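Heads up: the structure comes next, in structure tokens.
The structure displayed is predicted, hence computed values, not measured ones.
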Amino acid sequence: MKKHAERADGQSHGIVEKLFDEGYGFLRALDDDRQVYFHRNSVLHDDFERLAIGTEVRFTPREGDDGPQASSVQVVVL
């Protein structure tokens, strides 16, 4: 069984895998390869429009009613 590798602040890293014009998408968590749902309202700094497939993000994982969800999604600036 894999443990969720999280930073000390509780955030995980992921890559944007799917985006939908309706304002949501899916991330692929890098620590455990899970697909994680996110909504545009969970993207910090109104950065939803900046997202593209392959964008690296940090997020806080949560367990939602229908599976894993991301909150506090933030674009990783290199």
Side-chain angles (χ1 to χ4, degrees):
M1 182 168 96
K2 285 186 179 181
K3 285 187 171 182
H4 297 299
E6 294 180 353
R7 296 168 15 149
D9 60 6
Q11 288 199 311
S12 295
H13 273 86
I15 300 291
V16 175
E17 190 170 65
K18 297 179 185 178
L19 286 170
F20 298 91
D21 292 336
E22 295 82 6
Y24 68 96
F26 291 90
L27 309 171
R28 179 63 60 184
L30 297 180
D31 54 0
D32 62 6
D33 203 41
R34 289 193 310 165
Q35 190 176 63
V36 181
Y37 166 86
F38 71 96
H39 188 271
R40 76 178 308 121
N41 293 341
S42 65
V43 180
L44 300 179
H45 311 296
D46 292 322
D47 278 348
F48 184 82
E49 300 301 326
R50 286 185 54 203
L51 297 178
I53 304 301
T55 302
E56 185 177 352
V57 295
R58 285 194 317 249
F59 66 96
T60 302
R62 302 275 185 244
E63 198 57 42
D65 293 338
D66 295 322
Q69 295 183 359
S71 67
S72 302
V73 178
Q74 186 172 14
V75 174
V76 173
V77 180
L78 300 176

Considering all heavy atoms, the nearest Val57-Val75 contact: CG1-CA, 4.1 Å
Within this structure, what is the CD-CD distance for the pair Gln74 and Glu56, rounded to the nearest 0.5 Å? 11.5 Å
Heavy-atom closest pair, residues Arg34 and Pro68: NH1-CB, 3.7 Å
Please output the side-chain donor-acceptor pairs of residues 36-50 that fall under 3.5 Å, not counting sequence neighbours, one pair per line with the distance.
{"residue": "His39", "atom": "ND1", "partner": "Asn41", "partner atom": "N", "Å": "3.0"}
{"residue": "Arg40", "atom": "NH2", "partner": "Glu49", "partner atom": "OE2", "Å": "2.7"}
{"residue": "Ser42", "atom": "OG", "partner": "His39", "partner atom": "N", "Å": "3.4"}
{"residue": "Ser42", "atom": "OG", "partner": "His39", "partner atom": "O", "Å": "2.6"}
{"residue": "Ser42", "atom": "OG", "partner": "Ala70", "partner atom": "O", "Å": "3.4"}
{"residue": "Asp47", "atom": "OD2", "partner": "Arg50", "partner atom": "NH1", "Å": "3.2"}

Without placing hydrogens or testing angles, list every side-chain donor-acceptor pair under 3.5 Å for residues 16-26, not counting sequence neighbours.
{"residue": "Glu17", "atom": "OE1", "partner": "Arg28", "partner atom": "NH2", "Å": "3.1"}
{"residue": "Glu17", "atom": "OE1", "partner": "Gln35", "partner atom": "NE2", "Å": "2.8"}
{"residue": "Glu17", "atom": "OE2", "partner": "Arg28", "partner atom": "NE", "Å": "3.1"}
{"residue": "Glu17", "atom": "OE2", "partner": "Arg28", "partner atom": "NH2", "Å": "3.4"}

No-hydrogen, no-angle side-chain donor-acceptor test under 3.5 Å, Arg62 and Gln69: no
Suppose clustering is done on Ile, Leu, Val, Met, Phe, Trp and Tyr with side-chain heavy atoms closer than 4.5 Å. Which residues sit in the same group as Leu30? Ile15
Interatomic distance, CZ@Phe59 vs OG@Ser72, rounded to 0.5 Å, equals 11.0 Å
